[in-house]
Asker: 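Please read through the structure below; I'll follow up with questions.
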There are 2 protein chains.
Amino acid sequence: MKTPLTKSDCVIQILQTATVIWRESRRFFRPFGLTEAQFNILNLLGQSPNGLCQRELSDRLVVDRSNITLLLDRMTAHGLLVRNDVPGDRRRYRVCLTEKGLSLWRRIHPHYEKALAHLVENLAAEDTKQLLKNLQEMELQAKTWKEELS
Amino acid sequence: MKTPLTKSDCVIQILQTATVIWRESRRFFRPFGLTEAQFNILNLLGQSPNGLCQRELSDRLVVDRSNITLLLDRMTAHGLLVRNDVPGDRRRYRVCLTEKGLSLWRRIHPHYEKALAHLVENLAAEDTKQLLKNLQEMELQAKTWKEELS
DNA sequence: TTAAGATTGTTGATAATGCAACTAATTTTT
DNA sequence: AAAAATTAGTTGCATTATCAACAATCTTAA
């Protein structure tokens, strides 16, 4: 593009960067038999010893509840997790990793962290701090998008 | 999360911010009868008076060629664009907006720019410049991801 | 306590997405 | 010129994704 840079170009760049990261990360998860979406579930549950309910997964991963249902169905079919009852609330399930799911997570997790670290290895600590801050600010702004389009 | 911040947290934050921007932007495009993916096509073609071939759309939008096929099929059905022949090459199409598509783009585009600007309105020009640079660096790193996962 | 309201997860419809395999056409090699 | 390699677009398949509507359950208020 020959057009001069504007401030909003960095919004486009965020989407572009995220898209590329997603595309590349798929290659990594495939050998483990996981999609990126499935890994996100696995990774979140791996860090939640008490399990999470579907609503929590949905909120934390910014994924629709109905989508969570399908994802969990498939992962359950693969023996990676189970839906346990929640004592006081019969609407909810406590989604927990099985032994198989947990051991898969333990196997992937260090590689994942290493892969993430590779992305930022050329950035100064100060840069990543600022980056994090600015991204959070933009996320906040996005959430308060209201009537910019009629 | 109680865990201390690490540099790679900003990678997670990129994905999170992008996800939120996507989710919110869908609300904007819906009144125009467009999905986010369809708008991206419209927006790119709107800025390309001579049209683009599907491969170019695929590369620029980081979307699989097969996906472009389906997107264009739907948009063609809605009368937004056409596939013209390319004189010297019978493999390709020159994808162009119709009058309807172009006028839709002209109607949406200013709102879109305004919406993007809103996301960065609280950031200093210096910040967005740095943000852009860092994001590009990370995109580059992602493209050279190799054997971080076994 | 009962009625209204909110929450949780599921289902069905439709769209988006990527991958592999394929056809047709062009370009490069030999 | 013929064969080999590359490129452009399509198709089939499975997954991911959102949305709207729904049933079951819990919570709050009248």
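A note on names: the letters A, B, ... follow the listed sequences, proteins ahead of strands, and every chain is numbered from 1. Atom set for the values below is all heavy atoms of this structure, side chains included, hydrogens, waters and symmetry mates excluded.
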Asker: Would you compute the distance between atom SG of A:C53 and atom CZ of A:R65 and round it to the nearest 0.5 angstrom?
Answerer: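 Answer rounded to 0.5 Å: 10.5 Å.
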
Asker: Reckon A:I68 touches a base, only the sugar-phosphate, or nothing at all at heavy-atom distances under 4.0 Å?
Answerer: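 Since no nucleic acid heavy atom lies under 4.0 Å of A:I68, the category is nothing.
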
Asker: Between A:T69 and B:A37, which residue's closest nucleotide on DNA chain C lies nearer the 5′ terminus?
Answerer: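 That would be A:T69.
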
Asker: With distance as the sole test, does B:Q141 use its side chain to make a donor-acceptor pair with the main-chain N or O of A:H118 at under 3.5 Å?
Answerer: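 Indeed, once roles are kept as given, a pair shorter than 3.5 Å links the two residues.
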
Asker: Round to the nearest Å and state the distance from B:D64 atom CG to C:dA15 atom P.
Answerer: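 Rounding to the nearest Å, CG of B:D64 and P of C:dA15 are 19 Å apart.
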
Asker: Whole angstroms only, please: what is the CG-C1' distance between A:N67 and C:dG12?
Answerer: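 Whole-Å distance recorded here is 14 Å.
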
Asker: Under 3.5 Å, is there a donor-acceptor pair between the side chain of B:S58 and the main chain of B:V63?
Answerer: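 Checked: pair present.
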
Asker: Specify the separation, in whole Å, of atom CH2 of A:W22 and atom P of C:dT17.
Answerer: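 So the two atoms are 11 Å apart, to the nearest Å.
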
Asker: Kindly compute the distance separating CZ (A:R55) from CD1 (A:I68), expressed to the nearest 0.5 Å.
Answerer: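 One gets 10.5 Å once the value is rounded to the nearest 0.5 Å.
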
Asker: Begin with the C-alpha distance, continue with both residues' side-chain angles, and end with the deciding distance and a verdict on side-chain contact (heavy atoms from CB on, under 4.5 Å) for A:F39 and A:F28.
Answerer: CA-CA 10 Å; A:F39 170 76; A:F28 288 158; over 6 Å; no

Asker: Determine the contact category for B:Q38: base if any of its heavy atoms lies under 4.0 Å from a base atom, sugar-phosphate if only primed atoms, P, OP1 or OP2 are that close, otherwise nothing.
Answerer: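 The answer is sugar-phosphate, as B:Q38 gets under 4.0 Å only of primed atoms, P, OP1 or OP2.
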
Asker: Nearest whole Å is fine: how far is C:dA16 C1' from B:R23 CZ?
Answerer: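 The distance from CZ of B:R23 to C1' of C:dA16 comes to 18 Å, rounded to the nearest Å.
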
Asker: Who pairs with B:S66 by side chain to side chain contact (heavy atoms under 4.5 Å, CB included), at least two apart in sequence or on another chain?
Answerer: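 For B:S66 the side chain to side chain contact (heavy atoms under 4.5 Å, CB included) partners, ignoring immediate neighbours, are B:D64.
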
Asker: For the helix from C:dT1-D:dA30 to C:dT30-D:dA1, figure out the bend between the end axes, five pairs an end, and round to 10 degrees.
Answerer: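 So the angle between the two local helix axes works out to 20°.
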
Asker: Please check this pair: side chain of A:Q47 against backbone of A:N43, looking for a donor-acceptor N/O pair closer than 3.5 Å.
Answerer: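 Checked: pair present.
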
Asker: Does B:L70 reach a base, just sugar-phosphate, or nothing at all? Heavy atoms under 4.0 Å.
Answerer: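 Contact class for B:L70: base.
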
Asker: Side-chain atoms of residues 12-23 of chain B: list all donor-acceptor pairs with protein atoms under 3.5 Å, sequence neighbours left out, distances to 0.1 Å.
Answerer:
{"from": "B:Q13", "atom 1": "NE2", "to": "A:E139", "atom 2": "OE1", "distance (Å)": "2.6"}
{"from": "B:Q13", "atom 1": "NE2", "to": "B:T17", "atom 2": "OG1", "distance (Å)": "3.0"}
{"from": "B:Q16", "atom 1": "NE2", "to": "A:E139", "atom 2": "OE2", "distance (Å)": "3.2"}
{"from": "B:T17", "atom 1": "OG1", "to": "A:L135", "atom 2": "O", "distance (Å)": "3.3"}
{"from": "B:T17", "atom 1": "OG1", "to": "B:Q13", "atom 2": "O", "distance (Å)": "2.8"}
{"from": "B:T19", "atom 1": "OG1", "to": "B:L15", "atom 2": "O", "distance (Å)": "2.6"}
{"from": "B:W22", "atom 1": "NE1", "to": "B:E36", "atom 2": "OE1", "distance (Å)": "3.2"}
{"from": "B:W22", "atom 1": "NE1", "to": "B:E36", "atom 2": "OE2", "distance (Å)": "2.9"}

Asker: Please list, for nucleotides 21-28 of chain C, all pairs of protein and nucleotide N/O atoms separated by less than 3.5 Å.
Answerer:
{"from": "C:dT26", "atom 1": "OP1", "to": "B:R90", "atom 2": "N", "distance (Å)": "2.9"}

Asker: Contacts to DNA chain C from residues 50-58 of chain A, heavy-atom cutoff under 4.0 Å, which residues?
Answerer: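 Residues of residues 50-58 of chain A under 4.0 Å from DNA chain C: A:C53, A:Q54, A:R55.
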
Asker: List the steps, then state whether side-chain contact (heavy atoms from CB on, under 4.5 Å) holds for B:F29 with B:T35.
Answerer: CA-CA 6 Å; B:F29 298 131; B:T35 65; over 6 Å; no

Asker: Report yes or no: do B:L44 and B:Y112 belong to one cluster of Ile/Leu/Val/Met/Phe/Trp/Tyr joined by side chain heavy-atom distances under 4.5 Å?
Answerer: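 Both belong to a single hydrophobic cluster.
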
Asker: In whole Å, what is the span from the CG atom of B:L72 to the P atom of C:dA15?
Answerer: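 Checked: the CG to P distance equals 15 Å.
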
Asker: Report the residue (A:T35 or B:Y93) whose heavy-atom-nearest nucleotide on DNA chain D is the more 5′ of the two.
Answerer: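 Result: B:Y93.
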
Asker: To the nearest Å, give me how far apart CD (B:E36) and C1' (C:dT14) are.
Answerer: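 For the pair B:E36 CD and C:dT14 C1', the rounded distance is 17 Å.
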
Asker: Linking I/L/V/M/F/W/Y whenever any side-chain heavy atoms sit under 4.5 Å apart, do B:L102 and B:L104 land together?
Answerer: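 B:L102 and B:L104: one cluster.
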
Asker: Without decimals, in angstroms, what is the distance between A:D73 CG and C:dT10 P?
Answerer: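 My rounded result for the distance is 7 Å.
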
Asker: Base, sugar-phosphate, or nothing for A:R26, non-hydrogen atoms under 4.0 angstrom?
Answerer: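 It contacts sugar-phosphate atoms only.
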
Asker: Evaluate side-chain contact (heavy atoms from CB on, under 4.5 Å) for B:I41 paired with B:L80, printing each intermediate quantity in order.
Answerer: CA-CA 10 Å; B:I41 304 259; B:L80 297 175; over 6 Å; no

Asker: Under 4.0 Å, counting only non-hydrogen atoms across every strand here, what does A:R74 touch: a base, just sugar-phosphate, or nothing?
Answerer: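 Since a base atom lies under 4.0 Å of A:R74, the category is base.
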
Asker: Using heavy-atom distances to pick each residue's nearest nucleotide on DNA chain C, tell me which of B:V63 and B:H78 is more 5'.
Answerer: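 Nearest nucleotide further toward 5': that of B:H78.
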
Asker: How close or far is atom P of C:dT14 from atom CG of B:L71, stated in whole angstroms?
Answerer: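 Going from CG in B:L71 over to P in C:dT14 covers 17 Å.
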
Asker: Can you name the one residue among A:N84, A:L52, A:L81 that meets side chain to side chain contact (heavy atoms under 4.5 Å, CB included) with A:V95?
Answerer: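 Result: among A:N84, A:L52, A:L81, A:L81 is the only option passing the side chain to side chain contact (heavy atoms under 4.5 Å, CB included) with A:V95.
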
Asker: Between which nucleotides of DNA chain D, 5' to 3', does chain A make heavy-atom contacts below 4.0 Å?
Answerer: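 The contact span of chain A on DNA chain D goes from D:dT15 to D:dC26.
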
Asker: A quick test of your reading: do over 12 heavy atoms of other residues, nucleotides or ligands sit less than 6.0 Å from NE2 of B:H78?
Answerer: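 No, because the 6.0 Å sphere around NE2 of B:H78 holds 12 heavy atoms or fewer from other groups.
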
Asker: Linking I/L/V/M/F/W/Y whenever any side-chain heavy atoms sit under 4.5 Å apart, do A:F32 and A:L45 land together?
Answerer: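 Hydrophobic grouping puts A:F32 with A:L45.
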
